[in-house]
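Here is the structure we will look at.
In this chain, numbering begins with 1 at the start of the sequence shown. Model, not experiment: these values are computed from the prediction.
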Amino acid sequence: MKTISLAMIVKNEEAHIKKCLLSAKDYVDEMVVVDTGSTDNTRQIALECGAVVYDFAWTDSFAEARNFALQKATGDWILVLDADEHLAPDTAHLIREFASGSPAIGRVNIVSKFMDNGEIRYSTSPISRLFPKGVEYKGRIHEQVVSDLPHRLTGVTVNHEGYFQTDKTDRNLPLLMKELEQDPHNPYLLMQIAREHKNKQDFAGADRFFGQAHQAATGQEGYYPALVVDYLYNLMRTGKLDAGYDLIAAEQERLSRHPDFHFASGMFYMDYVLGNVAAHLDKLPRIEASFLRCLELGERRESSSVVGTGSFLAAYNLGVYYEVVGDTAKALHYYQLSAKSEYKKAMERLRLLRNG
């Protein structure tokens with residue numbers, strides 16, 4: 001039977017590391033923790049949980065720290081987790097099942113929590129985290145796996161808590177800019193820099209880097225759909241609706257099977273029509289068509305997505321659309337569909353419509 005090592009890099013993670021290690025302990029043969037300079041109890045907690053702990057002097061490179069951890073791991077396969085992540089117990093058993101197969105880069109489904117218009121939302125991203133020993137990372141930050149092995153979904157879910165209501169831009173942005181100096185036309189780096197500006201509410205700065213990333217990308221990148229969606233939302237925030245309209249037109253065919261793209265398009269057309277009703281009223285049916293396409297596609301796991309864009313969030317927005325255009329029967333139908341997922345906004349609209 002193939003052995004599996006958990007490999008982690010940590011710094012001042014006493015609030016999270018115990019939960020992470022305990023979630024993985026029964027599914028791996030070894031837990032390797034590399035500490036990059038903790039001043040709290042992270043190291044002691046890791047030891048108490050049964051991990052082997054090594055020290056590594058921070059070099060401003062996540063890839064170098066990761067690769068040090070990979071070198072210390074002795075297993076045939078490596079599982080990589082961050083301290084603010086933990087394995088979902090209902091899928092953790094799939095780790096060993098995947099490792100018993102042919103060599104491949106295994107993508108786990110990272111579920112992250114974030115705030116959007118006062119609501120807690122969840123995003124899912126397939127990230128390469130399970131692979132045979134010998135694979136390495138590259139990249140000062142937002143490091144990526146380097147391998148010619150095929151990438152496959154593992155079915156493993158990892159819950160991520162670290163970025164919820166936190167701001168790591170001051171740490172991330174300088175490292176990204178250093179990396180960009182070495183590779184100034186890298187669309188992935190440009191996208192990550194844009195996201196950091198967006199997180200800081202610097203939408204104009206984000207627009208510059210999103211535009212460069214979109215221009216530099218080939219369209220074949222695994223992150224390309226997320227890049228287009230983020231770019232479109234940022235164009236909405238900057239009021240560049242004509243540019244947004246052109247972006248949708250340019251990507252309509254290529255991203256036809258991505259519900260997040262159609263969801264963002266639906267949200268865009270709401271702004272586009274309401275921004276100039278007299279000029280854009282003929283685009284009103286595109287709101288309906290976009291959200292219907294979301295439901296037709298359903299939830300997707302093979303690329304980054306916001307939970308609900310292929311189900312209850314799209315259904316809710318269809319309810320709003322039909323309520324606005326005066327089709328109460330259809331509005332009730334889609335609010336009911338959304339409410340089946342216990343979406344509170346849909347439940348509230350149902351209550352008001354039924355009592356009205």
Side-chain angles (χ1 to χ4, degrees), residues 115-119 121 191 194-195 197-215 217 219 224-256 258-297 306 308-310 312-335 338 343 345-346 348-349 352-353 356:
M115 293 296 294
D116 182 47
N117 293 324
E119 292 184 293
R121 298 269 175 90
M191 177 186 71
R195 286 175 169 176
H197 281 280
K198 186 178 179 182
N199 290 341
K200 279 288 194 183
Q201 308 293 303
D202 176 14
F203 301 113
D207 179 64
R208 172 190 165 200
F209 286 102
F210 275 132
Q212 291 179 20
H214 185 246
Q215 186 173 12
Y224 189 78
L227 165 60
V228 172
V229 168
D230 284 354
Y231 188 18
L232 180 57
Y233 279 126
N234 198 74
L235 288 171
M236 293 165 64
R237 297 299 293 263
T238 57
K240 294 185 175 182
L241 298 186
D242 289 338
Y245 185 89
D246 292 341
L247 180 63
I248 291 174
E251 301 294 346
Q252 190 82 42
E253 183 175 349
R254 179 158 34 198
L255 301 184
S256 64
H258 292 272
D260 285 68
F261 170 73
H262 294 288
F263 189 88
S265 297
M267 298 299 290
F268 170 84
Y269 285 125
M270 283 184 174
D271 280 7
Y272 193 67
V273 173
L274 291 175
N276 192 336
V277 176
H280 301 150
L281 189 60
D282 61 318
K283 304 299 187 296
L284 188 66
R286 297 192 183 187
I287 300 171
E288 176 188 29
S290 296
F291 293 127
L292 285 173
R293 178 60 173 159
C294 291
L295 294 180
E296 181 184 347
L297 291 168
V306 173
T309 55
F312 65 89
L313 292 177
Y316 172 77
N317 283 336
L318 278 168
V320 172
Y321 171 80
Y322 288 123
E323 190 175 356
V324 169
V325 299
D327 193 334
T328 304
K330 282 188 175 180
L332 285 168
H333 170 75
Y334 284 103
Y335 283 143
S338 180
Y343 186 47
K345 281 189 173 181
E348 177 64 14
R349 291 310 306 163
L352 291 172
L353 281 178

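The 12-atom threshold is exceeded at NZ of K283, counting heavy atoms of other residues, nucleotides or ligands nearer than 6.0 Å. Atom CD of E253 has 12 or fewer neighbouring heavy atoms from other residues, nucleotides or ligands inside a 6.0 Å radius. Other residues, nucleotides and ligands contribute at most 12 non-hydrogen atoms within 6.0 Å of the CZ atom of R237.
Taking 4.5 Å as the limit, some side-chain heavy atom of Y233 sits within range of a side-chain heavy atom of M267. Residues Y334 and L295 are in side-chain contact: their nearest non-hydrogen atoms beyond the backbone lie under 4.5 Å apart. With a 4.5 Å cut-off on side-chain heavy atoms, L227 and F210 count as touching. Contact check for L247 versus E251: side-chain heavy atoms found under the 4.5 Å cut-off. Within the 4.5 Å cutoff, the side chain of Y316 has heavy atoms near those of the R349 side chain.
Checking H214 against Y224 by side-chain atom types alone, a donor-acceptor pair falls below 3.5 Å. With no hydrogens or angles considered, a side-chain donor-acceptor pair links E119 and Y343 at under 3.5 Å. T238 and D207 share no side-chain donor-acceptor pair at under 3.5 Å.
Ring orientation note: the planes of F268 and Y245 are tilted relative to one another, at an angle of 30° to 60°.
Shortest non-hydrogen contact noted between Y269 and S290 is CD1-OG, 3.9 Å. In plain terms, the two heavy atoms of D271 and L241 that are nearest each other are O-CD1, 4.0 Å.
A salt bridge does not link K345 with E348: every distance from a Lys NZ or Arg NE/NH1/NH2 to an Asp or Glu carboxylate oxygen is 4.0 Å or more.
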Check the pair M270 / N317 against side-chain contact (heavy atoms from CB on, under 4.5 Å), numbers first and verdict last.
CA-CA 10 Å; M270 283 184 174; N317 283 336; 4.2 Å; yes
